[in-house]
**Q** 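Questions regarding the structure given below will be posed in turn.
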Amino acid sequence: MRNVEAVQQMIDWMEENFENNPSLPALSQAVGYSPWYCSCMFHDIVGMTLKSYMTKRRLSRIAEEIRDTDERILDIAVKYGFSSQEALTRVFKTEFACTPATYRRQKRPIPMTVHKHVLFPNYDEKRITTMEKTRLGVRVEHIPAHKYLGIREEKAENYGEFWKYHDCDAVCGFVTSMEKSAHPIVTPHTAGWIMKDGKKIYFYGTGVPLDYAGEIPAGFELYEIPASDYLVFSYPCFDFMSENAEVMNAVEELAFGYDPSEKGYRWNEEACPIYQRHCPEKFGYEIVRPVR
């Protein structure tokens with residue numbers, strides 16, 4: 001556990017220092033381990049070299065600024081340690097198969113490297129329960145017609161099973177790159193289920209507007225989703241490390257055991273998917289089931 005915490009500290013330190021052109025000696029000094037030991041720990045836990053992650057994540061941060069700001073590409077290049085716009089363009093094109101200017105203009109899906117998290121709760125350890133069941137809620141929400149760009153995995157019924165069949169970093173990188181083209185309600189990293197012959201099939205991706213006609217990354221598909229009312233089963237912000245499993249179990253137990261006739265509805269899952277929203281620090285956890 002100590003090594004995992006140290007690697008997460010490295011990752012978070014890099015995230016705060018990309019504009020200062022971070023180096024291995026500086027990172028080593030920040031976390032208190034030798035450069036050699038930092039490199040070994042990082043590779044063992046993350047599965048890629050520290051140098052490769054640092055390079056890929058720095059380029060992804062650059063791509064985010066190109067996408068999200070009006071700052072000149074030359075200024076962004078210099079800000080992140082490149083000698084010129086041309087130097088950035090060469091590396092950017094090798095990594096993302098398009099130039100920075102093309103990405104700014106088209107906002108196409110690209111394989112970003114996302115800010116990694118390697119420190120997760122230990123669900124086997126005994127921990128203090130702080131979740132309050134009185135904070136569970138049910139509300140009605142309308143989601144207009146939209147499209148969904150994602151991957152449906154017939155062999156998976158949940159998040160953990162889904163990643164047995166797909167590369168988490170690659171899929172999440174493409175989804176993250178779509179943040180400016182995404183639907184305002186069905187946002188990037190909104191996952192969920194479709195119902196097929198009584199079985200739940202898990203999917204992962206992002207909503208996009210109804211008029212979306214952009215690129216579809218390899219392995220993804222584009223689905224049109226009609227407008228519908230939804231019942232949103234929720235629990236507000238919570239501590240991911242201590243409460244995640246308990247919160248998710250409580251919300252899912254409520255959502256999948258609920259009788260919608262209590263609110264004058266019936267399920268509409270033959271036409272629309274069930275959405276799953278998970279962001280502990282911003283809004284908590286929600287299961288969003290379509291009704292009519």
**Q** Calculate, to the nearest 0.5 Å, the distance between atoms CG and CD1 belonging to Leu88 and Ile66 respectively.
**A**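 The CD1 atom of Ile66 is 5.5 Å from CG of Leu88, to the nearest 0.5 Å.
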**Q** With the 4.5 Å side-chain cut-off for hydrophobic clustering, are Phe240 and Val118 part of the same group?
**A**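 In one cluster: yes.
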**Q** Near Lys282 NZ, under 6.0 Å, is it more than 12 heavy atoms from other residues, nucleotides or ligands?
**A**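 12 or below, so no.
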**Q** Between Lys155 and Glu161, is the closest basic N to carboxylate O distance under 4.0 Å?
**A**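 Looking at Lys155 together with Glu161, the answer is no, because their closest N to O distance does not fall below 4.0 Å.
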**Q** Give the cluster check for Tyr37 versus Phe42: same hydrophobic cluster or not, with ILVMFWY residues linked at side-chain heavy-atom distances below 4.5 Å.
**A**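 Cluster IDs for Tyr37 and Phe42 match.
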**Q** Check Glu269 with Arg289, please: is the shortest side-chain N to carboxylate O separation under 4.0 Å?
**A**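 A salt bridge is present here (some side-chain N lies under 4.0 Å from a carboxylate O).
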**Q** For the residue pair Ser60 and His115, confirm or rule out a side-chain donor-acceptor distance under 3.5 Å.
**A**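 His115 and Ser60 do not have a side-chain donor-acceptor pair below 3.5 Å.
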**Q** Specify the closest pair of heavy atoms between Ala77 and Ser84, including all atoms of both residues, with the distance to one decimal.
**A**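 Heavy atoms of Ala77 and Ser84 come nearest at CB-O, 3.9 Å.
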**Q** What I want to find out is whether Glu286 reaches Arg139 closely enough, with some N-O distance under 4.0 Å, to be called a salt bridge.
**A**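 Yes, this pair counts.
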**Q** Hey, quick one: are Ile151 and Ile225 part of the same hydrophobic cluster, counting side-chain heavy atoms closer than 4.5 Å, chains of contacts allowed?
**A**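 Cluster IDs for Ile151 and Ile225 differ.
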**Q** Any cation-pi pair here, Arg58 with Phe18, using under 6.0 Å and within 45°?
**A**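 Verdict for Phe18: no cation-pi partner in Arg58.
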**Q** Which residue in the set Phe256, Tyr159, Phe162 passes ring pair (Phe, Tyr, Trp, His ring centres under 6.0 Å) when paired with Trp193?
**A**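 For Trp193, the ring pair (Phe, Tyr, Trp, His ring centres under 6.0 Å) test succeeds with only one of Phe256, Tyr159, Phe162, which is Phe256.
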**Q** What distance separates His278 NE2 from Thr190 OG1, expressed to the nearest 0.5 Å?
**A**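 That separation rounds to 12.5 Å.
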**Q** Does either side chain, that of Tyr80 or that of Glu65, offer a donor lying less than 3.5 Å from an acceptor on the other one?
**A**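 Their side chains do contain a donor-acceptor pair, which is all the 3.5 Å distance test asks for.
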**Q** Should we count NZ of Lys79 as having more than 12 external heavy atoms under 6.0 Å?
**A**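 Yes, because the 6.0 Å sphere around NZ of Lys79 holds more than 12 heavy atoms from other groups.
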**Q** Counting only heavy atoms not in Glu71, do more than 12 fall under 6.0 Å of its CD?
**A**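 Above 12, so yes.
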**Q** For Ser181 and Val208, which heavy atoms make the closest approach, and how far apart are they?
**A**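 That would be O-CG1, 3.9 Å.
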**Q** Can you name the nearest heavy-atom pair linking His43 to Thr49, along with the distance?
**A**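 For His43 and Thr49, the tightest heavy-atom pair comes out as CD2-N, 3.8 Å.
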**Q** Are Tyr258 and Phe233 an aromatic pair, judged by ring center distance below 6.0 Å?
**A**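 Ring-ring flag for Phe233/Tyr258: true, centres closer than 6.0 Å.
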**Q** Do you know which two heavy atoms are closest between Phe96 and Leu59, and how far apart they sit?
**A**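 Reported closest heavy-atom pair: CE1-O, 3.9 Å.
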**Q** Determine the minimum heavy-atom distance between Arg67 and Met178, stating which atoms define it.
**A**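 For Arg67 versus Met178, the nearest heavy atoms are NH1-N, 4.4 Å.
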**Q** Could you tell me which non-hydrogen atom of Cys272 sits nearest to which non-hydrogen atom of Pro226, and how far apart they are?
**A**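 In this case the closest contact between Cys272 and Pro226 is SG-O, 3.6 Å.
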**Q** Using the six-membered ring of Tyr53, assess whether NZ or CZ of Lys116 lies under 6.0 Å from its centre and within 45 degrees of the ring axis.
**A**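 Pair Lys116/Tyr53 does not count as cation-pi.
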**Q** Tell me whether the centres of the aromatic rings in Tyr223 and Phe203 are closer together than 6.0 Å.
**A**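 That pair fails the under 6.0 Å test.
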**Q** Can a side-chain donor-acceptor contact be found between Tyr285 and Gln276 if the only test is distance below 3.5 angstrom?
**A**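 Note: Gln276 and Tyr285 side chains meet the donor-acceptor criterion.
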**Q** Calculate, to the nearest 0.5 Å, the distance between atoms NE2 and CG belonging to His142 and Asp229 respectively.
**A**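 So the NE2 of His142 and the CG of Asp229 are separated by 6.0 Å.
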**Q** Assess whether a salt bridge exists between Arg57 and Glu15, defined as any Lys/Arg side-chain N lying under 4.0 Å from an Asp/Glu carboxylate O.
**A**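 Yes, this pair counts.
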**Q** Return the orientation label for the Phe92 and Tyr103 ring planes: parallel under 30°, perpendicular over 60°, tilted otherwise.
**A**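 Tilted.
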**Q** Could you grab the distance from atom OG1 of Thr206 to atom CZ of Phe220, nearest 0.5 Å is fine?
**A**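 The OG1 atom of Thr206 sits 9.5 Å away from the CZ atom of Phe220.
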**Q** Kindly compute the distance separating CG (Leu149) from NE2 (His183), expressed to the nearest 0.5 Å.
**A**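 So the CG of Leu149 and the NE2 of His183 are separated by 13.5 Å.
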**Q** If we only count heavy atoms from C-beta on, is the Tyr275 to Val232 side-chain gap below 4.5 Å?
**A**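 Of all side-chain heavy-atom pairs linking Val232 with Tyr275, none is under 4.5 Å.
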**Q** Measure the spacing between OG of Ser39 and CG of Asp44 and express it to the nearest 0.5 Å.
**A**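 Answer for the OG-CG pair, Ser39 versus Asp44, is 10.5 Å.
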**Q** Should the ring pair Trp163 and Tyr204 be called parallel, tilted or perpendicular, given that the plane angle runs from 0 to 90° and is split at 30 and 60?
**A**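 It falls in the perpendicular class, over 60°.
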**Q** Using 4.0 Å as the upper bound for N to carboxylate O, is an ion pair formed by Glu141 and Arg277?
**A**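 Salt bridge present between Arg277 and Glu141.
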